[in-house]
Amino acid sequence: MSANSAYEVVVLDNLSVGQQRPSFPRGVRFTCGDFTDRATMTECLQGVDTVVHLAALSGVIASVEDPRPSFEVNVAGSFHLLELARAADVRRVINASTGGALLGEAASPISEEMAPCPLSPYGASKLAVEGYCSAFAGAYGLSCVTLRFSNIYGPRSAHKKSVVAAFIKSIIREEPLVVYGDGTQQRDYLYVGDLVRGIEAALKRELTGVYQLGCGQPTSLRTLVATLKKVSGRDIRVHCEARRSGEVHSTWCNIAKAASEFGYNAPTDLEAGLQTTWNWYLENREIWVRRQAWSASD
Ligand SMILES: NC(=O)c1ccc[n+]([C@@H]2O[C@H](COP(=O)([O-])OP(=O)(O)OC[C@H]3O[C@@H](n4cnc5c(N)ncnc54)[C@H](O)[C@@H]3O)[C@@H](O)[C@H]2O)c1
């Protein structure tokens, strides 16, 4: 949501990842707390019209190592959130979900009509929440829309283990980039600014159901590395390791439904988005290099 928009914004986050003292635009009310805590959530939902539900345990590999936390936080926590939102007369909920992790090894471009087949507990947890959103819409009239994000990258992502963040940190530290597999795997990389504009566009319409938000183009890991080499101007070494279980090989998405129903598009091309991201990491090196408190998530 843009800083100068007409919304009154309440942010709830337990700061389990990211900056310990985040700054917000003027007028934003911030509560440091857990969304799975009923009292905190009840308090935060007072007078709220729309919930944009982004909080989650978002690590795919962490969920493979231990599937329980993603169930307890993402599934049980989101279920309680929907219950409390209903009790507080919240009008609508925008639920952040995932395309790749939820659909598994489906033929790309993936779209909203495809049958989900998650390969990781994280993907399964996001599918379960989509189910509850659909049920709360059907049974109780709570207006729920699910937005399935592709691979998001951009500034302020230094706590992430996802590929763009990991590669940029490695390049700056002059370490080799670790590629799992042969580098032919493809992803749909979406610049965070385009995602935020997409969420805001969805917020303004009375939508229900599921929408895929991505850039709508496949990019191989090899192309990502070549583009990072170009924007950074640095020499890059690559170290290949075996493919990891739970990760799909290739996924990118069809964004036609979101484009036609709420004018969604993703105008930032990969090189421009990576340049902005690279510049942020260079300019904010002192924030992320020494901050051991920044725990990691995918
Ligand atoms: N980043 C991506 O590429 C991507 C792709 C698909 C879907 N998503 C989804 O988008 C949403 C946001 O992802 P992200 O990449 O920004 O993740 P992230 O891990 O960077 O951020 C998640 C936020 O939730 C907060 N949080 C976690 N548990 C909490 C709790 N119990 N109570 C309160 N706050 C809590 C964390 O502190 C963090 O600020 C998630 O739902 C994720 O599943 C992200």
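For this chain, numbers begin at 1 and follow the sequence in order. Counting starts at 1 for both ligands and their atoms, following the listed order. For clarity, every value in this text was computed on a predicted model and none was experimentally measured.
Contacts between N74 and ligand 1 below 4.0 angstrom, taking non-hydrogen atoms only, are absent altogether.
Residue S150 holds the heavy atom nearest to atom 4 (C) of ligand 1 of all those in S150, S162, S58. One option in Y153, F149, Y189, Y122 has a heavy atom closer to atom 42 (C) of ligand 1 than any other, and that option is Y122. Evaluated by nearest non-hydrogen atom to atom 14 (P) of ligand 1, the leading choice among K160, R148, H159 is K160.
In the displayed structure, E72 atom CD is contacted under 6.0 Å by more than 12 heavy atoms of other residues, nucleotides or ligands.
Within ligand 1, the atoms closer than 4.0 Å to a non-hydrogen atom of L15 are 37 (O), numbered from 1 in the order shown. Here is the list of ligand 1 atoms found below 4.0 Å of a heavy atom in G33: 32 (N), 33 (C). In summary, the atoms of ligand 1 found under 4.0 Å from a heavy atom of S97, numbered by their order in the structure, are 6 (C), 7 (C). Which parts of ligand 1 touch A96 is read off a 4.0 Å heavy-atom cut-off, strictly below it: atoms 10 (O), 11 (C), 41 (O).
Of all heavy-atom pairs spanning P118 and G123, the tightest one is CB-C, 3.6 Å. Closest heavy-atom contact between V10 and C44: CG1-O, 4.4 Å.
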Side-chain donor/acceptor pairs under 3.5 Å, residues 233-242, sequence neighbours excluded:
from	atom 1	to	atom 2	distance (Å)
R237	NH2	E174	O	2.9
H239	NE2	E241	OE2	3.3

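K126 counts as a contact of ligand 1, since one of its heavy atoms falls under 4.0 Å from the ligand. Taking 4.0 Å as the cut-off, G100 does not count as a neighbour of ligand 1 on heavy-atom distance. At least one heavy atom of S16 sits less than 4.0 Å from an atom of ligand 1.
In terms of N/O distances under 3.5 Å, ligand 1 is not approached by L57. An N or O contact shorter than 3.5 Å is missing between A55 and ligand 1 by distance. Geometrically, ligand 1 and F35 share a nitrogen or oxygen pair separated by less than 3.5 Å. Among the atoms of N151, none of the N or O lies under 3.5 angstrom from an N or O of ligand 1.
For the pair F167 and L221, the minimum side-chain heavy-atom distance is below 4.5 Å. Side-chain contact check for N95 versus E130: some heavy-atom pair is nearer than 4.5 Å.
Results of the side chain to side chain donor-acceptor pair (under 3.5 Å) test with S150 over T251, D188, T98 single out D188 as the only residue that passes.
Applying the side-chain hydrogen bond (donor to acceptor under 3.5 Å, both in side chains) test to pairs two or more places apart or on separate chains, those with a residue in residues 213-228 are S220-T223.
A donor atom on one side chain and an acceptor atom on the other are found under 3.5 Å apart for H53 and S78. If you check the side chains of Y211 and E261, you find a donor sitting under 3.5 Å from an acceptor.
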